[in-house]
Amino acid sequence: MSENGEQPGAREGVERMALAADRVPGRAPMSTRRSFRRRVAGSVGWTVAALALVVIGVPTVWLVYGVVARAVPYWTWSVLTQPGAGASGGLENEILGTLLLVVGVVVLAGGVGVLSGIYLAEYASGRWGNLLRGGSEVLAGIPSIVLGYVGYIVLVVDFGWGFSLAAGLIVLSAMTVPYVAKSTELALRQVPTSFREGADALGMREGYSLLRISLRAALPGITTGLLVAIAIAMGETAPLLYTAGFTGSLPSLALTHKPVPFLTYAVWTFYNQPSNYAVHLSYDAALILVALVVALIVAARLVVVWTQRHADRRGGV
Amino acid sequence: MSSEARLQPAETGGQSGRRAEKGTGGRLVRLVTGSAAWLPLLALLFVVVSLVVEALPAIRVNGIHFLTGVAWSFGNAYGAVVKTHGVPHPQGASYGALPLIVGTLASSAIALLIAVPVSVLSALVLVERLPRSISSLVGLFLETLAGIPSVVFGLWGALTLGPVLAHHVYPALASVASAVPGLGYFGGYTGNGEGLATSGVVLAVMILPIVAATARDLFRQVPDLPKEGARALGMTEWEVATRVTLTWVRSGLIGASVLGLARALGETMAVAMVSGVELGAIPHNVYAAMSTVAATIVSQLDSAFTDSTGFAVKTLAEAGLLLAALTLLTNVVARVLVRRVASTALPVGRGV
C-alpha cells in the first residue's frame, strides 16, 4: 500500500524532514542530557499512547460483559419460542420480525444496490456518475431518525399503509442501498480489465459476461456490502419505531397494515419498565443482538479470507 | 483494498471496456441498472422535499424563535385552536430548540474531546510499535464497537455506565472542579448519571471505531522513506511518530474527526436513553439532564400525535430539517478532507 503516492510524496517528505530536523534540539553533537530528556519524552509519549489503547479495550469488554453478565443468569430458552410484549412471554415475535426485516432488506436493498453498483461501475462516468454517487453518499449521511420520520409521515400516514413491513423495509432499504451500491461498485472496478477483454474476445454478450465474469469475480466485495446491510437492518431502531411499529404477536407476511416487531424495540422499550421480567427480556434481546453482531463479524472475516483467495487466483491469470 | 491509487487503472479500464458494444441485451442491462442507480438520489430528493413541505408551516409560525428560544410546549391541548399566518396550532404552543441545539453540540464536543486523542494515540502506537497480531485484536474490538446496535450502547449507558460514573467519578470530578476557578460548569449537583456528561462519554465510545479505524488506515499509508530519513537524522521513535507520521496525514485526521462528529450529531437511540430527556432548559452544569435534536424527535413523536392540529408533528419536521442540514454539512466537510474509503470489513461508523 505504501508504494503508492511515493512519487509526489517523496519530495515533500524530504522538505518535512529538513523542517523537523531543525526542530530536533542539538543537531550538532548531542548533549547527553538533552538526549536523555528526549528519550524520556518518548517513553512517556508511548506509555500514554498505550493507555489510549486500553481506553478502547475497556469499554468494549465492559459493554459485552455487561450485557452477557446481566442476561445469562436469567436466560431461559423459552425466550426463543414464546411471543410476548414485555410483561410476559418471550422474544419469538421480535426475533422472527427482525429475521423478516433482514431477509427483506437483503432482497430489496441487495437487489437495488447491486444493480445500482453495476451501473455506477460500468456505465456511469463524468458529471452524471458523480451526481449519482454524491446523492447516494448524502443519503447515507442522513440521520436514521430523519428517514424514519419521513417514512412515518409519507408511508404510514399519507399512503395509509399503517405500521407495516413495507414501510419499515423501504426506510431500511433507503439507508442500506448506498452501502451495497458502493461496495458493488468498488468490487466491480477491481475486476481486471483483461477479464472483460477476454470475454469480449470470446464473443460473449454483454449481459452474459457481466453476470458470469465480472459479477462472479466481484462476489466477495458484494457480500461484504450485504453484510453491512444486514448489520444495519438488525441494529437500527430509530427508523423502525414509527414505520414497522410493534406487536406482541407473531409478525405476518402481509406487506401493509400489519406491524412488525423487532429486537431493538425490545431493548429500547422494556429496559425501563417497572417489571423485572421486562428488564431481563431487554437484556436477553441485547444478548441476542450482540451474538448476531459477533456472527456477522466472523462472516465478514471469512469473506476477507475468501477475497484473498480470489486475489491469489487472479494473480495467476 | 482501500487505497484509491490502486483503483485508478481498473477504473479507467472498467469504464472504457464496456462502452463499445451495443445490443438489445446491453441496452436492457443499462436501462435496468440505470434506473436502480437513480433511486438513491431520487429518495434523497424525496426525503428533503417532504421534510421541507411538512416543516414549512412550523417554520412560518415558530420563526427565528425556534433557533433562539428556550421552551418546548405543545400548548393547551383542550384550549382554543388559534391560527398564526393561517397555520392552526393549540393556544400557547411554543417551541424553542436552543437547548436541543446546545445539547447536540455540547455532547458531540465532549465525545470528540475524548475520542479523538484516544483514537489518534492508539492508532499511532498500533501502527508504529505493536505487532500485527495485537493490531488485529484491536481491529476486532473496533468492529465489535461499530457493529453493536445503538440501543445496546444506550442500555449499557443507562443501567451500567451511568450509575458507575454518577457514584464514583462525577462527585470526585465535581469536588476537584469546584476548587479550581473557571471550571464552575464542571461543579455542582452531579445528578443520577443521566445527562450531558454521560451522553458525551457514551457517544465517545460510539465514535471511537470510525475515528480510530480511519486514523489507523491513514497512518498505514504513510510511506517508509521519510520516516527512515527522520531516523537517520537522529530522531527518536516518538519524534518520528509525532513529527513525520502524524503531520503526514494531518488533514485526513481532521476529516476522520469530522466523520465522527457527523455520527455523534445524528445519534439518536443511545442519547435518548442516557440524556435524561430535558427539553426545556439549557443544561446548567455538565452533569445535568438534557436532550439532543435527534433524541427529541424519537422521544417526542409519540406525544406529538396527541396534538390534534398536527402542529407538534410539523415542528418535529423542522427539527429533522435542522438535524439533516447539520449532519449533511459535517459529512460533506469530512468527505472533502478524507476522500477515501475505510478498509475494515464492517462499516466502521457507517462512513461510506
Side-chain angles (χ1 to χ4, degrees), chain A residues 1-2 4 6 13 17 20-21 38 42 45 49-50 52-53 55-56 59-60 63 66 112 115-116 118-119 122 125 132 135-143 145-146 149-150 153-154 174 177-178 182 189-190 193 196 205-207 228 231 235 237-238 264 267-268 271 286 289 293 297 300 304, chain B residues 3 5 7 10-11 13-15 17-18 21 25-26 29-30 33-34 36-37 39-41 43-44 47 50 54 118 121-122 124-125 141 143-145 147-149 151-152 155-156 160 205 208 223 226 229-230 233 236 238 243 266 268-269 294 297-298 301 320 323-324 327 331 345-347 352:
Chain A
M1 216 168 269
S2 62
N4 296 315
E6 238 172 49
M17 277 184 309
R38 284 172 51 210
L53 215 51
V55 177
I56 290 183
T60 317
L63 185 64
V112 173
L115 288 175
S116 156
I118 292 173
Y119 186 81
E122 305 284 328
S125 55
L132 294 178
S136 178
E137 290 201 356
V138 170
L139 182 64
I142 289 192
I145 178 66
V146 174
Y149 177 90
V150 172
I153 292 298
V154 175
V177 161
K182 181 97 183 177
R189 287 196 166 179
Q190 288 187 331
T193 318
R196 300 154 211 266
R205 291 246 191 81
E206 188 173 340
V228 171
T237 319
T264 47
V267 182
W268 155 249
Y271 89 99
L289 284 166
V293 166
I297 290 174
V304 170
Chain B
S3 125
L7 288 178
E11 179 180 325
Q15 279 175 4
R18 204 159 286 288
E21 190 190 355
V29 169
R30 199 166 304 201
T33 58
L39 281 179
L41 186 65
L44 174 70
V47 165
S50 38
E54 185 72 17
V118 167
L121 282 174
S122 50
L124 203 59
V125 72
F141 279 21
E143 277 173 32
T144 310
L145 281 184
I148 285 180
V151 277
V152 178
L155 186 67
W156 174 69
T160 306
V205 180
L208 266 179
L233 287 170
T236 63
W238 177 249
R243 290 178 188 185
T268 310
M269 304 313 292
I297 300 176
V298 82
L301 194 52
L323 179 65
T327 48
N331 264 315
L346 275 184
V352 175

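Chain A is the first sequence line, chain B the second, and so forth, proteins listed ahead of strands; every chain is numbered from 1.
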Only counting residues at least two apart or in another chain, list the ones meeting side chain to side chain donor-acceptor pair (under 3.5 Å) with T160(B). none
What part of V138(A) gets within 4.5 angstrom of chain B, counting heavy atoms only: side chain, backbone, both, or neither? both
Is it the backbone or the side chain of V267(A) that comes under 4.5 Å from a heavy atom of chain B, or both, or neither? both
Which bit of V154(A) is near chain B, if near means a heavy-atom gap under 4.5 Å: side chain, backbone, both or neither? side chain
If you count heavy-atom pairs under 4.5 Å with chain A, which of G266(B), G320(B), A294(B), P149(B) comes out on top? P149(B)
Hey, what do you get for OG1 (T60(A)) to CG (L208(B)), rounding to the nearest 0.5 Å? 7.5 Å
Contact class of S50(B) relative to chain A, heavy atoms under 4.5 angstrom: side chain
I need the minimum non-hydrogen distance between P59(A) and W156(B), along with the two atoms involved. CB-CH2, 4.2 Å
Just give me the residue among V112(A), L139(A), I118(A) that pairs up with chain B most often, heavy atom to heavy atom, under 4.5 Å. L139(A)
Does W268(A) have any ring-ring contact (aromatic ring centres under 6.0 Å, His included) partners at least two apart in sequence or in another chain, and if so, which? none
Please report the closest heavy-atom contact between L115(A) and A36(B), naming both atoms and the distance. CB-CB, 3.5 Å
Heavy-atom distance under 4.5 Å to chain A: side chain of V151(B), backbone, both or neither? both
Using every non-hydrogen atom in the two residues, find where G42(A) and W238(B) come nearest and quote the distance to one decimal. CA-CB, 3.4 Å
Of the backbone (N, CA, C, O) and the side chain (C-beta and beyond), which part of I56(A) lies under 4.5 Å from a heavy atom of chain B, both, or neither? both
Distance-minimising heavy-atom pair for L44(B) and G135(A): CD2-O, 3.8 Å
CZ of F141(B) to CD1 of I297(A): how many Å apart, nearest 0.5 Å? 11.0 Å
So CG of L289(A) and CD1 of I148(B): to nearest 0.5 Å the spacing works out to 9.5 Å
Could you grab the distance from atom CD1 of I145(A) to atom CG of L301(B), nearest 0.5 Å is fine? 7.0 Å
In this structure, CG of L41(B) is separated from CG of L132(A) (nearest 0.5 Å) by 6.0 Å
CA sep, side-chain torsions, deciding dist, call: L53(A), V125(B), side-chain contact (heavy atoms from CB on, under 4.5 Å): CA-CA 8 Å; L53(A) 215 51; V125(B) 72; 4.1 Å; yes
